[in-house]
Amino acid sequence: MEVQTLKYPAIQNYVGGKSTNDSGTATMDVFSPLSGQLISTLPLSKAADLDAAVQAAKAAFPTWSATPIKERVQIFYRYKTLLERDMKALADLVREENGKTYDEARAEVEKAIELTEFACSMPQLIQGEFLEVSKGVEARAERKPLGVVASIAPFNFPNMVPHWTIPNALVLGNTMILKPSEQVPLSAVKIAELLKEAGLPDGVLNVVNGDREIVEAICDHPDIQAVSFVGSTAIAKVVYIRATSNLKRCVALGGAKNHLMVLPDAHPEMTASNVAASMSGCAGQRCMAGSTMVGVGAVDDIVAKIVEEAKKIVVGQNLGSVISKEAKERIEKHIAEAEAAGAKVLLDGRNAVVPGSEDGYYVGATVIDYVTPDMRIAKEEVFGPVLAIMRTNTLDEAIAIENANPYGNAAAVFTSSGSSARYVMDHANAGMIGVNIGVPVPREPFSFGGWNDSKFGACDITGKSSIEFWTQLKKTTTKWNPESRVNWMS
């Protein structure tokens, strides 16, 4: 039997500053969605493998947490320059394992650099508070790290999402276990290697690969103090319940069904380009994708321009692949069901093929009009380059559709009216709102996070509000001069 040569070395866990793997551990194949070809394998780690990583992180914590934050950030200054140095290699890895276009993959790494830059500002953001609360009595409040924390990352952003957690959590003094998606393990290896090159002490970041068993073990491990998760809503709920039932902090980010409300007074060209980009960017595989448009009133001319823009989006050129064969089949089933239910397919991306990559997992840009709220495509997260268009007569009806969905990541309105924009800002039930912006992702220092079934848990894992999640508050009261006048406050 011929042994197939892997394009990339077999993935190993990264524990205590070195690659490690139990030779008896079962493995899982890793395929590139660009070609459908086997490119690597990864270990399906067991609870004992996780425990080894946790013990390494636990051993590294005392020294790392005692290192002044001004010294900890110096490692991330160096790390930022390494990300810039290896930009192309990092983007190529994202493209290989996720299927993004090169420009999208590069943008993902650029966002990782921004997240690292923000972490380097932590010394200015985490200064403690001090006050003489009464004569001779001083009170102080300081943020302290939690200990060993864990980050469970999804497939759709193999480089960016780990950077939502790694820089902030580590700069704040924690040590970490990163569990990447089993579909995209290559970027995590490179991240760990670059951090070691930047000077990160062994054991501060550890990478454990695997599937559901490792996620469950992370939720159950008694030495892990906090868990962050990004993925589907169904799994986010399970992770949140399981982690918190084990008395851990947890923020679990789930899926979304974001609505782009388009009014007749919207700028036609700007709206069309933004809506098309929102639904198709990263092949629609992002929780901020504008998968549903709600046309308010007479917007036929804008819909026509959206179709024109969507026709410029070509698989294999400016549209990447979806993550797997199963994802392709699921997305195309959504389109077929909507068409059978009476919706009108204005642009059909089914059966897309890229010459030379016939075995890749591609779905072309798709626009479907006259979708009704009861259709499955209007209610479920498609996670593909598909735009479902619904129609209403009033803005209130459009907002009602947005607010009736169980998710709450994002909503956007396209209009030239400031009052209409303000009305949506005030009434849309979502955590991130866009005005004439199809993907309203906040830039640092503002944090990322939705409402309702798009997020479970308090605080955020990015931005300034992440400080509260990744640290705990220590309050100290001191008195040194017994001669001071004593009253009830002292």
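Note that the numbering runs from 1 along the sequence shown for the chain. Keep in mind that the numbers below use all heavy atoms, side chains included, and drop hydrogens, waters and symmetry copies. From a predicted model like this one, the values you see are computed outputs, not experimental measurements.
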(Q) Using a 3.5 Å distance criterion without hydrogens, assess whether the side chain of E142 forms a donor-acceptor pair with backbone atoms of K474. (A) no
**Q.** Pairwise side-chain contact, F383 with N156, heavy-atom cut-off 4.5 Å (strictly under)
**A.** yes
Q | Presence of salt bridge, K305 and E309, under 4.0 angstrom | A | no
Q.
Exactly one of H427, K257, H259 should register a side chain to side chain donor-acceptor pair (under 3.5 Å) with E402. Which one does?
A. H259
(Q) Is the shortest side-chain heavy-atom distance between N452 and P406 below 4.5 Å? (A) no
(Q) So does S417 get a backbone contact from the side chain of S420, meaning a donor-acceptor N/O pair under 3.5 Å? (A) no
Q.
Could you walk me through whether S465 and S447 satisfy the side chain to side chain donor-acceptor pair (under 3.5 Å) test, starting with their C-alpha distance in whole Å, then the side-chain angles of each, then the deciding distance to 0.1 Å, before giving a yes or no?
A. CA-CA 7 Å; S465 64; S447 59; 3.2 Å; yes
(Q) Rounded at 0.5 Å granularity, tell me how far CD in E182 sits from CG in L42. (A) 7.0 Å
Q: Taking T366 for its side chain and G364 for its backbone only, find out whether a donor-acceptor pair lies under 3.5 Å.
A: yes
Q) Can you list the steps and then say if V262 with V294 is a side-chain contact (heavy atoms from CB on, under 4.5 Å)? A) CA-CA 6 Å; V262 176; V294 185; over 6 Å; no
**Q.** Ion pair check, R212 and E216, cut-off under 4.0 Å
**A.** yes
**Q.** Between CG on residue L260 and OG on residue S278, distance to nearest 0.5 Å
**A.** 5.0 Å
Q | Non-neighbouring partners of K111 that pass salt bridge (charged side-chain N to carboxylate O under 4.0 Å, His left out), sequence neighbours left out | A | E114, E444
Q | Close side-chain approach of L346 and V303, heavy atoms under 4.5 Å | A | yes
Q: Just jot down the side chain to side chain contact (heavy atoms under 4.5 Å, CB included) partners of V354, sequence neighbours excluded, or say none.
A: V315, S357, Y362
Q: Supply the atom-to-atom distance K190 NZ to L186 CG, rounded to the nearest 0.5 angstrom.
A: 11.5 Å
Q: Side-chain contact test, heavy atoms from C-beta onward, threshold under 4.5 Å: evaluate it for F155 versus Q285 and give yes or no.
A: yes
(Q) Any salt bridge linking D359 with K325? Criterion: basic side-chain nitrogen under 4.0 Å from a carboxylate oxygen. (A) no
Q: Answer with yes or no whether the side chains of Y102 and D92 bring together a donor and an acceptor at under 3.5 Å.
A: no
Q. Does R376 reach the main-chain N or O of A338 with its side chain, forming a donor-acceptor pair under 3.5 Å?
A. no
Q: Give, for atom CZ of R242 and atom CZ of F229, the distance between the pair rounded to the nearest 0.5 Å.
A: 13.0 Å
Q | With K100 via salt bridge (charged side-chain N to carboxylate O under 4.0 Å, His left out) - residues at least two apart | A | E108
Q. Would you find a donor on one side and an acceptor on the other, under 3.5 Å apart, between the side chain of R106 and the backbone of A91?
A. no
Q: Determine yes or no for a side-chain-to-main-chain donor-acceptor pair under 3.5 angstrom, with T101 supplying the side chain and E104 the backbone.
A: yes
(Q) If you apply the rule side-chain contact (heavy atoms from CB on, under 4.5 Å), what do you find for R286 with F157, and how did you get there? (A) CA-CA 8 Å; R286 53 186 178 184; F157 288 93; 3.7 Å; yes
Q) Within a strict 4.5 Å, meaning less than it, do heavy atoms of the V30 and Q183 side chains meet? A) no
Q. What residue pairs, at least two apart or across chains, pass side chain to side chain donor-acceptor pair (under 3.5 Å) with a residue in residues 163-174?
A. Y79-H163, S151-T165, N159-H163, N168-S466
Q. Is any NZ, NE, NH1 or NH2 atom of the basic residue among K179 and D211 found under 4.0 Å from an Asp or Glu carboxylate oxygen of the other?
A. no
Q. Restricting to pairs with a member in residues 343-352, which pass side chain to side chain donor-acceptor pair (under 3.5 Å), not counting sequence neighbours?
A. E339-R350, D348-R350
Q.
Can a donor-acceptor pair be found, under 3.5 Å and without considering hydrogens, that links the side chain of T175 to the backbone of A57?
A. yes
**Q.** Under 3.5 Å side-chain donor-acceptor pair for S32 and Q37
**A.** no
Q: May I ask you to test the M87-L83 pair for a side-chain heavy-atom distance under 4.5 Å?
A: no
Q) Less than 4.0 Å between a side-chain N and a carboxylate O, is that true for E84 and K80? A) yes
Q.
Tell me whether N274 contacts the main-chain N or O of M270 through its side chain, where contact means a donor paired with an acceptor under 3.5 Å.
A. yes
(Q) Return the CD1 to CG distance between I214 and L44, rounded to the nearest 0.5 Å. (A) 9.0 Å
Q) Could you give all pairs that pass the side chain to side chain donor-acceptor pair (under 3.5 Å) test and reach residues 407-416, with sequence neighbours left out? A) D265-T415
Q | Any side-chain heavy-atom pair of S45 and L50 under 4.5 Å | A | no
Q) CD1 of I437 to CZ of F414: how many Å apart, nearest 0.5 Å? A) 8.0 Å
**Q.** More than 12 heavy atoms of other groups within 6.0 Å of E380 CD
**A.** yes
Q. If only atom types and distance count, is the side chain of N98 paired as donor or acceptor with the main-chain N or O of P158 below 3.5 Å?
A. no
Q. Side-chain donor-acceptor pair under 3.5 Å between T372 and D374, yes or no?
A. yes
Q: For the residue pair L387 and T292, establish whether any side-chain heavy-atom pair is separated by less than 4.5 Å.
A: no
Q: Using atom types as modelled and distance alone, determine if a side-chain donor or acceptor of K379 lies under 3.5 Å from a backbone N or O of N405.
A: no
